[in-house]
There are 2 protein chains.
Amino acid sequence: MEANYTVSIVDKKKSRLKRGILKEMYRLGSRTLAQLAKALHASVPSVTMLIDELATEHWVQEIGTGAAQYGRKPALFGLRPGNQAIVVVDISVHDVKLVVFDLTNRVLDRLDVNLRLEDSVAFLESLKGPLEEISHRIREHNLNIIGVGCALPGLVDPRTGINYTYKKLNRPEQSLQQLLAHCFDSPVYLINDTKATILGEHRFGLAKGKNHVLSINIDWGVGLGVINNGEILQGLAGFAGELGHIQLQADGELCSCGKVGCLDTLTSASSLVRRVKAGLREGRVSKLAEENFEDIDVELVIDKAKAGDELAIDLLNEVGGELGKGLSIAVHLFNPELIIVNGVVAKAERLITRPIEQAIDKYCLADFRNKLVITVSRLGEMAKLYGTQAYVVQSLLEHEEIP
Amino acid sequence: MEANYTVSIVDKKKSRLKRGILKEMYRLGSRTLAQLAKALHASVPSVTMLIDELATEHWVQEIGTGAAQYGRKPALFGLRPGNQAIVVVDISVHDVKLVVFDLTNRVLDRLDVNLRLEDSVAFLESLKGPLEEISHRIREHNLNIIGVGCALPGLVDPRTGINYTYKKLNRPEQSLQQLLAHCFDSPVYLINDTKATILGEHRFGLAKGKNHVLSINIDWGVGLGVINNGEILQGLAGFAGELGHIQLQADGELCSCGKVGCLDTLTSASSLVRRVKAGLREGRVSKLAEENFEDIDVELVIDKAKAGDELAIDLLNEVGGELGKGLSIAVHLFNPELIIVNGVVAKAERLITRPIEQAIDKYCLADFRNKLVITVSRLGEMAKLYGTQAYVVQSLLEHEEIP
DNA sequence: TGATATTTTTAAAATAATTTATTAATAGAA
DNA sequence: TTCTATTAATAAATTATTTTAAAAATATCA
């Protein structure tokens, strides 16, 4: 067992207050002594002392003076940039991104890896090289890694790090979590990609300050992220928000999950491409007919739709309509104030939000849609990266790992 | 504006700690000094002093000695019974119950009123008499009312007290909230009945200690209550969990909400009775055919089903199956560990949980149902009452109203 | 039954925090 | 520019809280 080290109450309180200061600064950027004192329910002299300590420990620094409409201007304190590093590993079906952040959301380093996620041992093996490279680069720059976050698709239990969809990532001899922990010698936090995305939107994007938000990620499948009361909805094992496999058509297509008529089969990016190709085969008129059949992908369909192509617009409408129908259920269950559309299909902007809005108008009770706003993400791919980083920082500060 | 009373930091801290003690005691019954000190991150002498103060203020008292496997036995402290009172007003479609609780969950007084909730001004007028009677009785017993809670059906915004379904309860001249506040001269908290029910189950029923729970209330309509991370899921305006009006059948029956094929039309208690009557009209064999057609209600159908009546069992199966289908969606979205069945139909026990389980097995991904338990409430009608009371206590302690 | 180890509780000492008072800084008015 | 009102930061005084130490209580074991 552990050594029965007795940490004094005073030390614990101090540590809690310090983490509180870091949390405030992480969330709000710069803060004055008075603001911190109010937020932490402590006196200004106490906060002054804590800030001094955090400054000598290289966590915070004075970063200017704040505004005041009268009287002396307060000093502003903030997190010290470029010192502590967080490694974000973004694993998607197409590729892997390795991004190093500091605590002020600055990208210190980045390495994009052309590696496809398959449920195989080879994937982890191929990941080792790039991980070691970035780890080496971090060490060269004398950065102190405080945590590692990994966003990945599938059913991910954040408590255990087990991925129930890509089972090969959990092998006891060498799991993804172990690999990352070993490589960076820091605490590792795994999170589902859609949940990372909405967390990013909530902390740094359009959802900032909103406490009840949905984010819909349209990519290979459909992922729903939920912010409830300002926090990610995880459920018992981190599976919450699985909208893709609810049944919308009793006599629908067979889904990869083994069930029939799942939302995924109707509204994912891949289903959009399938619909387009089927339309072309039926001989429908479209600029897309001029393209090489094999080259038709989501981006192309969306481009043509934006250029006014009727087939593409019609099918985006269809997909958006089905999606809106599924989302109406989520609206009834979560009562959000905002829905953000993410993923490749988000590039279609109005062409996808409008049919979603229409479906929600049709299928939702008026009281649910009155104050509801539907919009397209402005952060793009950064949402997921920021969100993963935010998840790491939040977890570290909550689990008393730092400072 | 308000007087600029400066409350000292020390006083605020003390008040927070005192509320913390009351919270702990409310949740866990009796507590020792050491347990409280640990929970509050304070020293034992500090807690001793606070307990002394709370004792002289009549909030807590020593209630015995605890167990110890070795050494001196600790003194147990708990909330003082029969002193502070909470009034719970339970408004349902059938009747109104007025129940007075103390902080230890004891029923100090109770008045059942035969009054049907209609969206009319008359309802509030008729409520005045009983309210004044119970208020009078409380005063006679020298009880100190610290808060009033009201559970009621419909879309209820707990922040404003507005009921969006029963609009006549919000008249600016005389709203339900105003009426209660005026009658008992205390803070009033309104909450949706289904949410009160699951809160009761979570604090004092089968969901105690479980952090991710659904409760399904089958009555006139179908209500879903959600506990996420140990707290009620409210959403932006308290509308979250509206499962009754998601569309299950595109070509279904017209619902009272104006939409078509809502879950409510398929699985509510009233729909069960409709199904039974339709079956009898079709000439299906059943013990129920011997009953007076007008007298057939849910309770009777369930009784006959328990006695083995085939028609009743079949139709409970049908209703349970539809309900399970709807619940599967909720399971995918909330990832719960437990589902509790409440309301009249809960009396059918296995006859309703079994078809629900079957549907969930059919429509849910395996990872979602592996650890999922479905059960029938043991608290019955008390769940809602306890839950409303818990909501009041929690709100009071959070909003710094007491002590 | 008495000694011992263990745990709770209380009392006194030591430490830490807040309060109050003072000084510093700044915008606006004279 | 100088003065005044206002706000921020620091220093000294005061008050709270924790720590340490001692006393009280109790189950186990010899």
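Everything numeric in this text was worked out from a predicted model, so none of it was measured. Worth knowing before you read on, the calculation uses all heavy atoms, side chains too, and leaves out hydrogens, waters and symmetry mates.
Each salt bridge (charged side-chain N to carboxylate O under 4.0 Å, His left out) pair with one or both residues in residues 225-236 of chain B, not counting sequence neighbours, appears once here: B:R27-B:E231, B:R203-B:E231. Evaluation of the ring-ring contact (aromatic ring centres under 6.0 Å, His included) test over residues 384-403 of chain A, restricted to residues two or more places apart or in two chains, returns A:F101-A:Y386, A:F204-A:Y386.
Residues meeting the side chain to side chain contact (heavy atoms under 4.5 Å, CB included) test with A:D52, sequence neighbours left out: A:T48. For B:T104, the side chain to side chain contact (heavy atoms under 4.5 Å, CB included) criterion is met by B:L79, B:P81, B:D102, B:R106, not counting sequence neighbours. The side chain to side chain contact (heavy atoms under 4.5 Å, CB included) search around A:L76 returns A:S30, A:T32, A:I63, not counting sequence neighbours. With sequence neighbours left out, A:T160 forms a side chain to side chain donor-acceptor pair (under 3.5 Å) with no residue at all. Residues that satisfy the side chain to side chain contact (heavy atoms under 4.5 Å, CB included) test with A:L50, not counting sequence neighbours, are A:K14, A:L17, A:K18, A:I21.
The distance between atom CD of A:E62 and atom P of C:dA25, rounded to the nearest whole Å, is 13 Å. The distance between atom CG of B:D52 and atom C1' of C:dT10, rounded to the nearest whole Å, is 11 Å. Spacing between atom NZ of A:K12 and atom P of D:dT19 amounts to 9 Å, rounded to whole angstrom units.
Within a heavy-atom distance below 4.0 Å of DNA chain C, the residues of residues 14-35 of chain B found are B:L33.
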Might you list the N or O atoms of the protein lying below 3.5 Å from N or O atoms in nucleotides 26-30 of chain D, with each pair's distance?
unit_1, atom_1, unit_2, atom_2, d
D:dA27, OP1, B:K73, NZ, 2.7

